[in-house]
Each structure stands twice: as C-alpha cells, then as structure tokens.
There are 2 protein chains.
Amino acid sequence: MTAIKETSVIQENKQYALETCPVTYVMEKIGNYWKPIIIYHLSQGPKRYSELRKAIPAITEKVLIQHLKQLEGDGLVIRKAKPVVPPYVTYSLSKTGKGLMPVIDAMALWAQKERSNGF
Amino acid sequence: MTAIKETSVIQENKQYALETCPVTYVMEKIGNYWKPIIIYHLSQGPKRYSELRKAIPAITEKVLIQHLKQLEGDGLVIRKAKPVVPPYVTYSLSKTGKGLMPVIDAMALWAQKERSNGF
DNA sequence: TATCATACATACTTTAGGGTAAGTACTTGT
DNA sequence: ACAAGTACTTACCCTAAAGTATGTATGATA
C-alpha cells in the first residue's frame, strides 16, 4: 500500500501566505500570464468571445475559454449569452473585476514609461 | 530528416502583442505567480536572501533564487554582496523595479477590499 | 444539400515550471 | 574534529498548464 501522502509543508505555508500577504491573495485570482491581459481587454468595455480572440491573437481558444470560465467562477467576469443562432455571447467585468482596473492601469502606465525609456 | 519547424503563428502573434498591448509587455517581465510577491516584499525595503525566504515561506530556495536572477537580469532588482563569510547578500528594487510599486500597491488595496467584503 | 459562422468541447501530446533532495564553499564557534 | 550558518548550485522527477487538432449544435443563406 502507498504511503499516506503527508500534507505538504509548502501547502500549509501557502495557506498562511494567503491570509497574511495581500499580493498572494491577488495572485491566486489573476496570477497567470493571460488573466491580466484578458482583463485589460475587457476593461475597455464588454466584448464578444470572437472579439476577444481577435484582440488577443496569441492565445488559443482552449486557453481563452478556460480562463474566461475561471474568471467567471471567481466572480471577476460576467458572461451574457443571447439565445440566438449563431450564438452571441459577451463578456464583461463584474464590479469586483472593475476593482482591478487600477492594477491594470498601473501596469499599462509602467509599460509605457519603460518603453519610452527603452530607446 | 525532420521537417523544418515553421515559426509558430502563436509566437509571431506574441511578438505583435508585445508591441501593441502594454499589459502583455508587463506580463513578460512579472507575469508569474512569484515575481509580484517577491517585489511586494522588496517594496518594503532591501532584504537579505534569508529574510526573503522567511518572508515567503511557501517558495522553495531554488525557485526563489531563480526568480531573483531573472528579476536582476531584467533590471528590476539589484543584488549587492558583501565579501564576507558567511555571505551577506541583499536584494533591493532598482529604479525600474520601484516603478512597479503602484501596481503592487493597487493589488494590495484590492485584496484588502475584497477580503473585507468577503465575510 | 452543402456551407458558413459562432461559441464552445474534448482528447491527446508536449513543455515549462515547480518540487525534492542533496551538495558546495568558507569561516566562526564548541 | 565537527557542526552551524549563509547563499547558493545541481540533478532528477512530477505535474499542471498550455498547445494541437478535431468535433458539435444550430439555423440562415446560397
């Protein structure tokens, strides 16, 4: 029989970090390459699924929808589907999601500064 | 012989995104679970390697130093080593790194708001 | 009858990131 | 002589995330 897998110390520490470090809390929600990018594009207003795809051509469909579901599950994004055919689905930021806009804005600002310094 | 691996469309698109989407630019630098957390801890002032370890108990040594090197390579973090034994090494944010503090602050703010709503 | 468009779903493979564990160098303290 | 402390390094493994490719429902249009 297999040894009982003892609860990892790392996991305990992660739990602890979640409760004490605010940035860790944020990372658990949007600590991923694509999520802030998706949020950025939604910060400019609701978008259809296909519009998001065009706006973020480097993401694959699988990954895009995966993250959209997770963001919806975490209450950051709202999905609205019109029962028509072909489907018409829009995604937008929830109130909580909009609360992240200062974060995204600060990112955009930094990027612009860095790039203007860059040459 | 193996087929020549044609340059991935995804990679081309990533290049394009890098040039047009500011958030993508940021993600290339700190788009990782740990990096914002490390920067957060450094935003409170320079820290020794061992202090960072204690401050972020959920990270392993390997990963910590890996990211510190990358952050240093990207010019966000400065490493200073006193030539003593046992070693005395401190890490701090560079000017560019400090430029990210509004991002980190906005994250911390959001986390606090969310948590106070949470119960 | 066939095709197109949209918003997905699903199976399979590959890769990159992270985890574990052990080792290294150098000096001070016991 | 040996352990302890610091800041790493290295080798190996494992898993979660991402990539690839193909399939599905529905009705409108040609």
Side-chain angles (χ1 to χ4, degrees), chain A residues 2-3 5-14 17 24 27-38 46-73 77-92, chain B residues 2-3 5-14 17 24 27-38 46-73 77-92:
Chain A
T2 358
K5 191 177 178 182
E6 51 186 299
T7 310
S8 155
V9 171
I10 296 275
Q11 285 314 309
E12 285 175 33
N13 287 339
K14 252 193 174 173
T24 296
M27 285 303 109
E28 288 294 323
K29 302 265 179 179
I30 57 161
N32 161 277
Y33 184 86
W34 294 110
K35 282 178 182 169
I37 296 175
I38 294 172
K47 286 231 167 78
R48 291 183 68 175
Y49 174 78
S50 53
E51 289 176 314
L52 279 174
R53 267 179 44 207
K54 271 171 228 160
I56 318 175
I59 201 173
T60 62
E61 283 193 73
K62 194 192 95 177
V63 173
L64 174 56
I65 204 157
Q66 213 172 73
H67 286 118
L68 285 172
K69 301 254 156 184
Q70 286 176 22
L71 289 169
E72 199 195 351
V77 155
I78 295 165
R79 191 189 101 113
K80 272 181 194 146
K82 285 187 197 168
V84 294
V85 85
Y88 194 97
V89 179
T90 55
Y91 291 90
S92 56
Chain B
T2 358
K5 192 176 179 183
E6 53 186 296
T7 309
S8 155
V9 170
I10 296 273
Q11 286 314 308
E12 283 175 37
N13 287 339
K14 253 195 173 172
T24 296
M27 286 303 110
E28 288 293 324
K29 302 264 181 181
I30 57 161
N32 159 277
Y33 184 86
W34 293 110
K35 281 178 182 168
I37 296 175
I38 293 171
K47 286 232 167 80
R48 292 183 68 176
Y49 174 78
S50 53
E51 289 176 314
L52 279 173
R53 269 179 43 206
K54 271 172 227 159
I56 317 173
I59 201 173
T60 64
E61 284 193 72
K62 193 193 92 177
V63 173
L64 174 56
I65 203 156
Q66 211 172 77
H67 287 119
L68 284 172
K69 302 254 155 184
Q70 286 176 21
L71 289 168
E72 200 196 349
V77 155
I78 294 166
R79 192 190 102 112
K80 272 181 194 146
K82 285 188 196 167
V84 295
V85 83
Y88 193 97
V89 180
T90 55
Y91 291 90
S92 57

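Reminder, nothing fancy here: chain letters follow the sequence lines and each chain counts from 1.
Across the protein-nucleic acid pair, His67(B) atom NE2 and dA7(D) atom P stand 19 Å apart, rounded to whole Å. Here dG18(C) presents its C1' atom at 13 Å from NZ of Lys35(B), a figure rounded to the nearest Å. In this structure, Arg53(A) places its CZ atom 15 Å from C1' of dG19(D), rounding to the nearest Å. As rounded to whole Å, 9 Å separates atom C1' of dA7(C) from atom CZ of Arg48(A). Between the CG atom of Leu64(B) and the C1' atom of dT10(D) there is a distance of 17 Å, given to the nearest Å. Gln70(B) has its CD atom 10 Å from the C1' atom of dG17(C), to the nearest Å. For the pair Lys80(B) NZ and dA7(D) C1', the computed distance is 18 Å after rounding to whole Å. Look at CD on Gln66(A): it is 7 Å from P on dA18(D), rounded to the nearest Å.
For Trp34(B), the listed nucleotide lying nearest its side chain is dG18(C); candidates were dA18(D), dA7(C), dG18(C). Of the listed nucleotides (dA9(C), dG19(C), dA5(C)), dG19(C) has the atom at the smallest distance from the side chain of Val63(B). Taking every side-chain heavy atom of Ile65(B) into account, dT9(D) is the closest of dA17(D), dG17(C), dT9(D). Distance from the side chain of Val89(A) is smallest for dA7(C) among the nucleotides dA17(D), dG19(C), dA7(C). Listed nucleotides: dT20(D), dG19(C), dT9(D). Nearest to the side chain of Thr60(A): dT20(D).
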Criterion side-chain contact (heavy atoms from CB on, under 4.5 Å) on His67(B) and Gln70(B), from CA distance to verdict: CA-CA 5 Å; His67(B) 287 119; Gln70(B) 286 176 21; 4.0 Å; yes
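Side-chain contact between Leu52(B) and Leu68(B) is present, with heavy atoms from C-beta onward closer than 4.5 Å.
No engagement by Lys82(A) is indicated, since no non-hydrogen atom pair under 4.0 Å with the nucleic acid exists.
Mapping Pro87(A) and Thr90(B) onto DNA chain D by nearest heavy atom places Thr90(B) closer to the 5' end of the strand. Along DNA chain D, the nucleotide nearest Val85(A) and the nucleotide nearest Lys62(A) are compared for position; the residue whose nucleotide lies closer to the 5' end is Lys62(A).
Glu61(A) meets the side chain to side chain donor-acceptor pair (under 3.5 Å) test with Tyr49(A); sequence neighbours excluded.
Pairing each heavy atom of Tyr88(B) with each of Thr90(B), the nearest pair is CE2-CG2, 3.8 Å. The heavy-atom pair separating Tyr91(B) from Arg79(B) by the smallest distance is CE2-CG, 3.4 Å.
Taking only side-chain nitrogens and oxygens, Asn32(A) never comes nearer than 4.0 Å to OP1 or OP2 of dA16(D). Between Tyr33(A) and dG17(C) there is no side-chain N or O to OP1 or OP2 distance below 4.0 Å.
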